[in-house]
Amino acid sequence: KIGSKSRSSCFFQSTATMSMPGTDTVTVESIDQDGIAVVTLDHFPVNSLSANVYNGCTRAIQALEKNPAVRGVILRGAGRMFCGGADISAFGTNSAPLVSMGRPVTDFLGFEGMKVPVVAAIHGFALGGGLEATLGCHYRVMEASAKLGLPEVDIGLLPGGQGTQRLPRLIGAAAAAEFMTAGIHISAKQARELKMVDAVVPKGGDLLATAKALCKSKIGAPLPKVCEIPPPPRADHSKLAARLARSRPGEIAPAAIIRCVDAACTEPSFAAGVAVEKREFATLVRSPESAALRHMFFAERAGSKVDGVKVKPARIDTVGIIGAGLMGGGIAMSCAEAGISVVIVDVNEQGLSRGLDLIKSNFNRSKRLSSTQKDLFLSRITGSVDMAAVASCDLVVEAVFEDMDVKKEIFQKLDTICKPGAFMCSNTSALDIDAIAAATTRPEFVMGTHFFSPANVMKLLENVRGAKTSDLTIATMMAWGKRIGKWCILVGNCPGFVGNRMVGFYSAAARAMLERGMLPEEVDGAATRFGMRVGPLVMADIVGIDLGIQAVKKRGEYNPRTVVGHALIEAGRLGQKSKAGYYDYNDGRQPVPSAAAAEIIRTVAQNRGITPETVTEEQAVQRLLFPMINEAFKILEEGMAQRPSDVDVCYVHGYSFPRHRGGPLFYADTVGLPVVVTTLKDLGVTPAPLLLECVAAGKNLTQFWAQRSRRTKSGQSKL
């Protein structure tokens, strides 16, 4: 008998394979009659590789190597998966010191150096360091339903447990570089085809028994070690690098991964390649890009957690959608892919057919889905021109155009049609959800579900809480959004909610910069080089500069002499549709800097008596972003968002704010809040009280919010 049975210890004997909250250990079962021991990683909930788990593995190996009865070892995970990887929440913290193995080790956990066969038994997921742990075993067996992945690139890192050196030796340099820079998960079938695993256990099979049988068959045989496989030939990664520059702009981890793969091919020894990996990892883990991406990793997962809401969500099996337009069709596709039956309703057969045809066309264009999947998903969507078709649906989402009277009329009808307990939601982007809910006799079942277009692609879902929205409705919509693949945040009922309330300040800042002497291509260039997918003025041309101009004229506010947008309209420059706006569009939709637009901008500036300024690109970015960041502070003050990170999730997934910048509020913390205040004052913008409060306290927003949350115990917002 080795070690203690205390749950807090790093190593003890047990026969249990379940995990429970609070466990952070490694267990070893009694040796079976064939001399095979089972080592189990047990760190709830995903068996992440904490210091305790590292040390538990070391102590387990030391004990097993001293036991002459041990003839083989199985390494597995407790609970729902093998191992989810490193404990990234511990990065930068003072964790427990690591125990020395007392002998040379070639892999990062030490199993490869054992004199008996070690088999990794993989169920659920083996991700990041979890997969790397299996590559340090002599053999690997996985369940047919399990997945493998090295997703470190998505948090700005590389596989730092020798993955960049081991995987190329197993599957080749080109395939390894593709796999690691994509951050994807692969199936057991794919893993077997790539020779990443030695056997796959079919559905219904016994993973542990299969792993033990393989282990027993290898007793006494030479032990294969990945570190001893000869380096693979070097691959040409130029096409991959070019593709990554487009798909992951601003991220530095992909290039570092490629350099490590090259090192696996060219360094004189395995150890020399590992040294390169360590240096590259150390650079990345200290980088602002990785800090931002790690922030987003946690922010995305925090968004669906609602302070004070404890009720269990209702299950949604059927969804009705009112409106077969682009937005309604996108919502229907998301539901169908999640296994939910959909009834989509439109006012006439023509509109319904057009919408259903668009859904079919979008599915058929997908390269991600198989023909079988496309047919299955389409079979879950039916259409009707009778609103009564949604009577039995668990949830009905209204997705018509933004007209309050129309929406109220629809909700009045739904109130008489929908079954008791059905949830009724509006895909409004800015309208008062309380006014919509008031059209029904059950406002507690009403809330806003603001999707972003195209809804089957964009990942953000703003769930809008009304004054009478029940906790059950909130919990259910957050769970439903997560089920259909969205990053959900809960927002308050104010004009524009969070995203659209802020975006107007971004657009206004861009126009103001023109009046201060910058050209459209300079403003947009600063934005896109910062990482925004499209510049604000190109976007204005796409939308149409004249959008809403009739209302402006009715209010008597149309002034081509002093407003750039009005002057462009007066000159017939309406945007892409007229082939002239802030830019010229001579051929296709590519913007070309316009001398005519530049002259109009200069004339308006002269009319207003504005002297052109010279600003750096960094200043240009700050002038674009700080006004909307200031509005975000007001949103937090008013309790219209639960937490600062929700605003970051909103802008990264709803407005294409660069993920590697961490969202607008994380970016503000990075720049420094005093800089934000000074710049706002220079622009004539009054800083939000919360922003000034943070600066006066000498804290960034993250620190200030955490302190306030501790002070109020629950940290609940006004939501």
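The analysis underlying the following values was restricted to heavy atoms, covering all of them including side chains, and did not include hydrogens, waters or symmetry mates.
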- Task: Please check if the side chain of N52 supplies one atom and the backbone of T25 the other of a donor-acceptor pair under 3.5 Å.
- Result: no
- Short side-chain to backbone donor-acceptor contact, Q703 and N700, under 3.5 Å: yes
- Message: Salt bridge check, D648 against R643: does any charged N sit closer than 4.0 Å to a carboxylate O?
- Response: no
- Which atoms form the tightest heavy-atom contact between G128 and L150, and what is the distance? O-CD2, 3.4 Å
- Where the side chain of H185 meets the backbone of L148, is there a donor-acceptor pair that is under 3.5 Å apart? no
- Message: Keeping E132 on the side-chain end and G163 on the backbone end, is there a donor-acceptor pair under 3.5 Å?
- Response: yes
- Item | Test item: N55 and L98 side chains (from C-beta on) under 4.5 Å apart, heavy atoms | yes
- Donor on one side chain, acceptor on other, D669 and T702, under 3.5 Å: yes
- Is it true that the side chains of S50 and D87 contain a donor and an acceptor less than 3.5 Å apart? no
- Task: State whether W480 and R483 meet the cation-pi test: NZ (Lys) or CZ (Arg) under 6.0 Å from the six-membered ring centroid, and within 45° of the perpendicular axis.
- Result: no
- Query: Is the backbone of E112 close enough, under 3.5 Å, to the side chain of D107 for a donor and an acceptor to pair up by distance?
  - Reply: yes
- Query: Would E277 and R166 pass as an ion pair if we require N to O under 4.0 Å?
  - Reply: no
- Item | Heavy-atom check, side chain of L490 versus side chain of M478, under 4.5 Å | yes
- Message: Under 4.0 Å between a side-chain nitrogen and a carboxylate oxygen: does that hold for R103 and E65?
- Response: yes
- Message: Measuring only between side-chain heavy atoms, which start at C-beta, is W487 closer than 4.5 Å to K482?
- Response: no
- Task: Show your reasoning for whether side-chain contact (heavy atoms from CB on, under 4.5 Å) applies to F44 and D24.
- Result: CA-CA 7 Å; F44 187 86; D24 184 8; over 6 Å; no
- Could you note down all residue pairs passing side-chain hydrogen bond (donor to acceptor under 3.5 Å, both in side chains) where residues 281-293 supplies at least one of them, sequence neighbours left out? S290-R294
- Plane angle bin for H295 and F666 - parallel if under 30°, tilted between 30 and 60°, otherwise perpendicular: parallel
- Query: Are any of the side-chain heavy atoms of V226 and Q165 separated by less than 4.5 Å?
  - Reply: no
- Query: Short question: side chain of Q62, backbone of M101 - any donor-acceptor pair under 3.5 Å?
  - Reply: yes
- Do any N or O atoms from the side chain of E29 and from the backbone of T40 form a donor-acceptor pair under 3.5 angstrom? no
- Can you check whether F298 reaches I88 side chain to side chain, under 4.5 Å on heavy atoms? yes
- Message: For V200, give me all partners under side chain to side chain contact (heavy atoms under 4.5 Å, CB included), at least two apart in sequence or on another chain.
- Response: M142, A144, A188, R192, V197
- Query: Could you give the distance from CG (L170) to CD1 (I229), rounded to the nearest 0.5 Å?
  - Reply: 4.5 Å
- Any side-chain heavy-atom pair of M196 and F179 under 4.5 Å: yes
- Between R71 and D34, is there a salt bridge with N-O shorter than 4.0 Å? no
- Item | Side chain to side chain, L223 and P117, heavy atoms closer than 4.5 Å | yes
- Task: Keeping the roles fixed (side chain from R248, backbone from T181), state whether a donor-acceptor pair exists under 3.5 Å.
- Result: yes
- Message: Could you check whether any side-chain heavy atom of N47 comes within less than 4.5 Å of a side-chain heavy atom of V53, counting everything from C-beta outward?
- Response: no
- Looking only at heavy atoms, what is the nearest atom pair of L240 and A177, with distance? CD2-CB, 3.8 Å
- Item | Under 3.5 Å donor-acceptor, H123 side chain and G79 backbone | yes
